[in-house]
Structures are given as structure tokens and as C-alpha cells.
2 protein chains.
Amino acid sequence: MSETLHSAPSASAEEAPRRYHHGDLSRALVAAGRQILERDGPDALSLRAVAREAGVSPAAPYHHFKDKAELLEAVAHEGWEELGGAIKEARGRVDAPGAAPGEIGVAYVTFARKNPALYRIMYRMACDREAMPEGAKSEDSGWDQVRAAIIEAGVDPHDERAMMLTQIAAWCTAHGVAEMAGFKEFDSLKAALGGEEAFIREVFRHVGVMSGRRSPS
Amino acid sequence: MSETLHSAPSASAEEAPRRYHHGDLSRALVAAGRQILERDGPDALSLRAVAREAGVSPAAPYHHFKDKAELLEAVAHEGWEELGGAIKEARGRVDAPGAAPGEIGVAYVTFARKNPALYRIMYRMACDREAMPEGAKSEDSGWDQVRAAIIEAGVDPHDERAMMLTQIAAWCTAHGVAEMAGFKEFDSLKAALGGEEAFIREVFRHVGVMSGRRSPS
DNA sequence: GCACGCATCTGAACGGCGTCAAGATAATCT
DNA sequence: AGATTATCTTGACGCCGTTCAGATGCGTGC
């Protein structure tokens with residue numbers, strides 16, 4: 001009744017009692033989407049469920065997103081930004097020059113494994129556009145950081161073709177490991193190696209058969 | 001109960017005029033599913049659409065598959081078997097011992113790129129089970145062939161851990177490349193390299209940054 | 001201070017989806 | 001033949017994405 005003050009509910013955009021125009025729906029919808037993803041998995045992520053979670057009618061989201069896809073894209077975008085942050089953090093933690101790509105890879109896979117439903121949406125959205133995800137390319141995020149790390153690792157930055165190919169190869173490897181690391185068959189090996197992170201590192205160490213190189217000693 | 005000579009339409013299970021009990025629905029449903037996948041993409045693959053395509057009522061499939069998922073699994077299974085065949089063929093074409101994994105990888109990615117919608121379903125089904133796909137492990141198919149190729153490539157077959165890790169790494173790389181090779185950003189590079197297959201080979205050649213190795217000369 | 005315009009939200013509706021229960025129909029068995 | 005069983009259809013339920021006509025509250029210009 002008297003709880004107007006349209007702007008800036010507080011921040012969290014989730015517990016405000018009943019705003020008749022809600023105040024900041026689009027953000028709340030994205031948050032609701034992520035909540036559903038984590039709680040109920042990607043198959044439960046329907047537009048109606050998101051609206052329900054945010055406490056609005058099923059048609060309300062259409063005033064903020066033209067599509068279900070556009071909502072999912074917003075969710076995915078948030079994910080790519082967080083992934084970018086994780087990569088940045090990992091890169092800052094590295095000392096030896098050649099180790100940066102590996103650390104980025106571990107950070108990438110770790111993020112995907114910690115947010116599997118979110119990562120699925122992120123990648124799904126990217127594939128549907130048939131292009132690299134926006135968030136992965138925005139400044140200070142994924143793509144450019146990988147590029148820098150590859151240069152540090154010793155690839156000639158003027159050889160544009162080698163740069164590109166190395167970058168693609170790195171991204172593909174990380175994505176492949178991210179998606180397959182959850183298979184049950186690998187559980188015993190993970191345990192034997194002392195956890196998932198060790199497992200990821202070991203897999204990266206063995207990458208290279210395709211190119212004719214042997215696996216490491 | 002099983003294959004009771006029901007009448008054996010002919011073989012193709014798709015053009016028979018109007019059988020009142022249709023004769024061999026489950027096969028026809030799988031075929032219809034693949035048809036829809038190729039023609040309309042994975043999002044159009046609904047149970048009802050498959051039934052429509054096969055010329056039966058929406059409830060008919062439930063006498064042959066308990067679920068939509070079970071139908072998709074049958075479609076996926078067919079896909080894995082074909083992929084196994086493609087891998088076998090590629091392996092037979094190889095001469096140098098160390099080149100087998102690379103050729104398998106190229107065959108894998110080529111198959112996925114030629115049947116993108118099918119591959120998506122194949123992989124989706126595998127992920128939902130959180131285990132390696134059945135077809136990929138059945139004798140004479142994917143998994144075992146990769147194992148053999150890795151041994152040929154020089155990994156010690158008695159070092160079970162190295163075998164496992166190398167195999168996982170190879171599989172992850174192939175899957176990653178398969179899913180990302182379609183991105184539009186790579187089109188110009190593909191053209192510059194003289195086609196998609198050359199592109200795939202080059203990407204494989206550059207795999208290895210994650211492990212700290214340099215890219216090839 | 002108040003009426004207007006506008007952004008926002010609701011309610012009801014449409015067609016399509018996956019799934020199930022009941023009834024029809026054909027093939028098989030005895 | 002008749003009975004049984006496998007197969008398919010019809011119709012229904014609830015959920016989905018989406019649209020549209022109307023309600024509701026916000027900010028603004030008078």
C-alpha cells in the first residue's frame with residue numbers, strides 16, 4: 001500500500017514483500033533463473049517457472065525480454081562474466097610463464113563443474129548463435145586472457161595463424177574436459193588421484209595424442 | 001515375442017501404404033526421428049512430431065518406448081554405431097603407427113560435423129546418464145578402438161592409469177573440437193587452410209598448450 | 001494537485017508438448 | 001472357430017511458450 005519508493009529495493013531483488021510493479025524485474029528474473037538452475041536443474045528452467053519464482057504472472061517477463069531465449073541469454077551472460085572473473089583470478093595466481101594456460105584451463109573446468117546446469121545453458125546459448133559467446137570475448141574476460149596466456153607460454157604473437165589455432169585448441173580442450181569430467185566412469189580414477197582438480201590436471205597433462213605426441217613420462 | 005516374422009514389410013519401413021498395425025513401428029520411429037533431426041533440427045524433435053512423421057497417433061510410440069527419452073536413446077544408439085563404423089574405417093586407412101589417434105579424431109569430428117543434430121542428441125543422452133555412451137563402448141566401436149590406437153601410438157598398455165588418462169584426454173579433445181568447429185568465427189581460418197578437414201588437423205596439431213608444451217613449429 | 005501518458009503487470013486464451021487411461025482393432029494361439 | 005495378446009486410436013490432463021486486451025500504478029506537465 002504505502003511501500004512505494006519505486007527505485008532500488010535494496011539490492012538482492014528477491015525478498016521484497018509485494019511491489020505492485022516490482023521495481024526491478026529483469027534482474028529478479030535472471031536471479032530466479034539461476035536459482036532454478038541450481039535447485040532443479042536445466043530441464044526445470046521454464047519461462048513460467050522463472051516467473052513463478054519471481055512472483056509474477058507468466059506474461060510479465062515479456063516486458064523485459066522478447067523471448068525465453070533472450071532471458072536465458074541474460075542468465076548465460078552473467079555466467080560468462082563470472083567465468084571471466086575466475087579465469088582472471090587464476091591467472092593472477094600463476095608464477096611460471098608456461099603454466100598460465102594450464103591454470104586457466106583448470107579454472108575453466110572447475111567453474112563448469114561447480115555450476116553444471118549454468119554451464120550447460122551458457123554453452124547452449126553460444127552454440128545456438130554459432131559464434132563464440134559474448135561474455136567470453138568481452139574485454140578482460142576469457143578470450144583475451146587466454147590470448148595473453150598463450151603469448152606468455154611462448155607462442156609467437158605475430159604468427160596470427162598459430163595464435164588462433166592454439167587458442168582454439170585450448171578452448172576446445174577445456175570445453176571437452178568440462179563436459180566429460182562428470183562421467184561416473186572416472187570416479188575411481190579421480191579418487192585414486194586425490195580429487196577432481198588433480199584429475200583435471202592429469203587429463204591436461206595427457207592431452208596431445210591427437211597430434212602424434214606421446215603422453216608424458 | 002521378438003521378431004515374429006510379423007509380415008516383414010520389405011525393409012525400408014517408411015513407404016509402406018497403410019498397415020493397420022504398421023508392422024515394424026519402433027524401427028520406423030527411429031528412422032522418422034533421424035529424418036526430422038536432419039530436416040528440421042534438434043528442437044523440432046518432439047515425440048508427437050515423430051509419430052506424425054511415421055503416420056501414427058501420438059500415443060502409439062508408448063507401446064515401443066517407455067519415454068521420449070528412450071526413443072531418443074535409440075536414435076542416439078544408432079548414431080554411436082555409425083560413428084564406430086566411421087572410426088573403424090579411418091583406423092583401417094592408417095599406416096604410420098603414431099597417426100592412428102589423429103585419424104580417429106578427424107573421423108570423430110567429421111562425423112559430428114556432418115550430423116550435427118544427431119551428434120547433439122547422442123551427446124545429450126550420454127550426459128544425462130552421466131556415463132559414457134553405450135554405443136561408444138560396445139565391442140568393435142569407439143572406446144576399444146581408441147584404446148588400441150593409443151597402444152599403437154606408444155603408451156604402455158600395462159600402465160592402466162596412463163592408458164585411462166590418455167584415452168580420456170583424446171576423447172575430450174575430440175568432443176571439444178566437434179562442438180566448437182562450427183563457430184562462425186573460424187570460417188575464414190578454415191578457408192585459409194583449405195577446408196574443414198585441414199582445419200581440424202591443424203587444431204589437433206596445436207593441442208597441448210594446457211600441458212605446458214609449446215605449439216608445433 | 002491532478003489528470004494524462006506510459007511502462008508495467010495480470011488474466012484469459014491459443015496451440016503444442018509429454019503422458020496416461022479406456023476402448024477399438026488386428027495378429028496369433030489353441 | 002473363439003479367446004488372447006499385441007498394437008494402435010481417441011480423448012483427456014497439466015504444463016509449456018506466446019499473445020492480447022485490459023487493469024494498475026508511476027512520473028510528468030499543467
Side-chain angles (χ1 to χ4, degrees), chain A residues 1-9 13-14 16-30 32-33 36-37 40-75 121 124-125 128, chain B residues 1-9 13-14 16-30 32-33 36-37 40-75 121 124-125 128:
Chain A
M1 327 280 189
S2 46
E3 195 37 71
T4 41
L5 219 317
H6 194 194
S7 58
E14 190 48 75
R18 255 306 156 269
R19 211 171 272 77
Y20 317 88
H21 270 188
H22 188 286
D24 189 9
L25 226 198
S26 50
R27 239 175 280 273
L29 288 171
V30 173
I36 291 174
L37 270 184
D40 311 314
D43 292 340
L45 188 62
S46 66
L47 229 190
R48 288 178 114 104
V50 171
R52 222 176 294 137
E53 178 87 19
V56 296
S57 84
Y62 285 88
H63 293 265
H64 301 268
F65 304 96
K66 80 174 220 293
D67 254 336
K68 179 188 184 184
E70 202 168 284
L71 205 187
L72 295 205
E73 197 127 0
V75 173
I121 298 293
R124 173 76 131 91
M125 293 291 102
D128 286 355
Chain B
M1 348 255 186
S2 49
E3 281 309 319
T4 50
L5 226 311
H6 221 149
S7 60
E14 189 49 75
R18 253 311 153 266
R19 210 172 273 77
Y20 319 88
H21 266 63
H22 188 286
D24 190 8
L25 228 197
S26 49
R27 241 177 278 275
L29 289 171
V30 173
I36 291 175
L37 270 184
D40 312 313
D43 292 341
L45 187 63
S46 64
L47 228 191
R48 288 178 114 105
V50 171
R52 221 177 293 135
E53 177 88 16
V56 296
S57 83
Y62 284 89
H63 292 265
H64 301 267
F65 304 96
K66 80 174 221 291
D67 252 337
K68 178 187 184 184
E70 202 169 285
L71 205 188
L72 295 205
E73 196 126 0
V75 174
I121 298 294
R124 174 77 131 90
M125 291 293 102
D128 287 355

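Both backbone and side-chain heavy atoms feed into the values below; hydrogens, waters and symmetry mates do not. All chains are named by letter (A, B, ...) in the order of the sequence lines, taking the proteins before the strands, and each is independently numbered beginning at 1.
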Taking the side chain as C-beta and beyond, is there a heavy-atom pair between [X] and [Y] under 4.5 Å?
{"X": "F65(A)", "Y": "V30(A)", "value": "yes"}
{"X": "Y62(A)", "Y": "L47(A)", "value": "yes"}
{"X": "P42(B)", "Y": "L37(B)", "value": "yes"}

Checklist entry - A49(A) has a side chain; which of dG17(D), dC16(D), dT9(D) sits nearest to it? => result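 The listed nucleotide nearest to A49(A)'s side chain is dC16(D).
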
Next on the checklist: Taking the minimum atom-to-atom distance to the side chain of S57(B), which one of dT19(C), dT18(D), dT10(D) wins?
Outcome noted: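 So the side chain of S57(B) is nearest to dT10(D).
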
Without decimals, in angstroms, what is the distance between [X] [atom1] and [N] [atom2]?
{"X": "R48(B)", "N": "dC20(C)", "atom1": "CZ", "atom2": "C1'", "value": "12 Å"}
{"X": "H64(A)", "N": "dA7(C)", "atom1": "NE2", "atom2": "P", "value": "12 Å"}
{"X": "D24(B)", "N": "dA6(D)", "atom1": "CG", "atom2": "P", "value": "17 Å"}
{"X": "L29(B)", "N": "dC8(D)", "atom1": "CG", "atom2": "P", "value": "8 Å"}
{"X": "K68(B)", "N": "dT19(C)", "atom1": "NZ", "atom2": "C1'", "value": "12 Å"}
{"X": "L72(B)", "N": "dC17(C)", "atom1": "CG", "atom2": "P", "value": "14 Å"}
{"X": "F65(A)", "N": "dC9(C)", "atom1": "CZ", "atom2": "C1'", "value": "15 Å"}
{"X": "L25(B)", "N": "dA6(D)", "atom1": "CG", "atom2": "P", "value": "16 Å"}

Checklist entry - Would you call R124(B) and D43(A) a salt bridge, taking side-chain N to carboxylate O under 4.0 Å as the test? => result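 Looking at D43(A) together with R124(B), the answer is yes, because their closest N to O distance falls below 4.0 Å.
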
Item to check | Nearest-nucleotide comparison on DNA chain C, the residue closer to the 5′ end among D67(B) and H63(B) | outcome: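 Comparing both residues, the 5'-ward one is D67(B).
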
Checklist entry - If you pin R52(A) and A59(A) to their nearest nucleotides in DNA chain D, which one's is more 5'? => result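 Counting from the 5' end, the first nearest nucleotide belongs to R52(A).
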
Item to check | Side-chain N or O of S46(A) closer than 4.0 Å to phosphate OP1/OP2 of dC16(D) | outcome: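 Result: yes.
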
